[in-house]
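Structure, as structure tokens:
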Amino acid sequence: QVQLVESGGGLVQAGGSLRLSCAASGRTFSSYAMGWFRQAPGKEREFVAGISWSGGVIYYADSVKGRFTISRDNAKNSVYLQMNSLKSDETAVYYCAGRRSVFSSRYQSDYDYWGQGTQVTVSS
């Protein structure tokens, strides 16, 4: 069993930056691929970024490429999402997810564990 706890959300102006963190419990974190998803009000949850268990394979949604960076520190059982040049339509609850696999996925159904989410509000 893995528990995921996100932090780092908050209020930021458009064009600003935030760094989200996700702390995982358990001793097998390094064997999980991880992903970040987000859900805006009235919209479906969508994939943002994913990283393989070793950190060597990374995927991004086209909408965030060049602005967001996903990373992980297996020694700290943590995964991060650095978000730069934020836009107002990126206001959403951001979720961390874990998958019992080498590689991450763009599909929510492929993930086994989810955090409770952290609110990111981008003001225009």
Side-chain angles (χ1 to χ4, degrees):
Q1 189 76 7
V2 174
Q3 291 187 324
L4 304 173
V5 179
E6 302 95 337
S7 62
L11 175 64
V12 63
Q13 288 189 332
S17 298
L18 278 176
R19 186 186 192 223
L20 305 184
S21 299
C22 174
S25 65
R27 292 175 287 182
T28 59
F29 175 76
S30 60
S31 63
Y32 287 78
M34 300 297 294
W36 285 97
F37 290 76
R38 64 188 179 190
Q39 187 167 20
K43 295 187 177 181
E44 294 185 354
R45 191 156 53 184
E46 64 174 0
F47 172 78
V48 176
I51 188 167
S52 63
W53 66 274
S54 68
V57 180
I58 289 174
Y59 303 126
Y60 293 103
D62 288 344
S63 60
V64 307
K65 281 181 183 176
R67 299 185 298 118
F68 289 15
T69 302
I70 188 172
S71 61
R72 67 189 295 162
D73 185 339
N74 288 342
K76 295 183 178 179
N77 280 13
S78 294
V79 62
Y80 308 98
L81 185 68
Q82 177 68 43
M83 305 186 295
N84 299 329
S85 302
L86 281 160
K87 305 174 183 179
S88 57
D89 62 0
E90 293 180 312
T91 292
V93 178
Y94 283 71
Y95 297 91
C96 169
R99 183 186 189 206
R100 288 192 299 259
S101 176
V102 172
F103 298 111
S104 66
S105 168
R106 299 175 181 272
Y107 303 102
Q108 300 178 55
S109 58
D110 287 340
Y111 288 81
D112 302 290
Y113 303 103
W114 291 85
Q116 292 300 307
T118 185
Q119 176 70 47
V120 172
T121 302
V122 185
S123 64
S124 57

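Starting from 1, each residue takes its place in the sequence as its number.
Closest approach of I70 to Y60, counting heavy atoms only: N-OH, 3.0 Å. Between S31 and W53 the shortest heavy-atom distance is C-CB, 4.0 Å. Taking all atoms of both residues into account, the shortest heavy-atom contact from G117 to V93 is CA-CG1, 3.8 Å. Of all heavy-atom pairs between S124 and S88, the closest is CB-CB, 4.0 Å. Closest heavy-atom contact between M34 and G98: SD-CA, 3.6 Å. Taking both residues in full, the closest heavy atoms of L4 and C22 are given as CB-SG, 3.9 Å, listed atom of the first, atom of the second, then distance.
Neither F37 nor V122 shares a network with the other; the hydrophobic side chains, linked directly or stepwise wherever heavy atoms of I, L, V, M, F, W or Y lie under 4.5 Å apart, form separate groups for each. Tracing side-chain contacts under 4.5 Å through hydrophobic residues (I, L, V, M, F, W, Y), one never reaches Y113 starting from F47; they form parts of separate clusters. Under a hydrophobic clustering in which Ile, Leu, Val, Met, Phe, Trp and Tyr are joined whenever their side-chain heavy atoms come within less than 4.5 Å, directly or via other members, V64 and L81 fall into the same cluster. Two different hydrophobic clusters hold W114 and V120 under the rule that ILVMFWY side chains link at heavy-atom gaps under 4.5 Å. Both L86 and V48 are part of a single hydrophobic cluster, where members link through side-chain heavy atoms under 4.5 Å apart.
In summary, the side chains of R99 and Y111 do not present any donor paired with an acceptor at a separation below 3.5 Å, with no hydrogens or angles considered.
Residues S52 and F103 meet the side-chain proximity criterion, which asks for heavy atoms closer than 4.5 Å. Side-chain contact between S101 and D110 is absent, with no heavy-atom pair separated by less than 4.5 Å. Taking the side chain as every heavy atom from C-beta outward, S104 and I51 never approach each other to under 4.5 Å. Side-chain contact between K76 and F29 is absent, with no heavy atoms from C-beta onward closer than 4.5 Å. Two residues are said to be in side-chain contact when any heavy atoms from C-beta on lie closer than 4.5 Å; R67 and E90 meet this criterion. Looking at M83 and V12, their side chains never come closer than 4.5 Å, going by heavy atoms from C-beta outward.
Remark: T69 OG1 to I58 CD1 distance equals 8.0 Å, nearest 0.5 Å. Taking CD from Q108 and CD from E46, the interatomic distance works out to 9.5 Å, rounded to the nearest 0.5 Å. Note that the CG atom of L20 and the CZ atom of F68 stand 8.0 Å from one another [nearest 0.5 Å].
Relative to the ring axis of Y32, R72 does not place its NZ or CZ within 45° and under 6.0 Å from the centre.
Atom CD of Q3 sits in a sparse spot, with 12 or fewer heavy atoms from other residues, nucleotides or ligands closer than 6.0 Å. Counting heavy-atom neighbours within 6.0 Å of Q116 CD, excluding the residue itself, gives a total of 12 or less.
When hydrophobic side chains of Ile, Leu, Val, Met, Phe, Trp and Tyr are connected at separations under 4.5 Å, L11 ends up as a singleton with no cluster partners.
When Q39, R38, E6, R45 are each tested for a side-chain hydrogen bond (donor to acceptor under 3.5 Å, both in side chains) with Y94, only one passes: R38.
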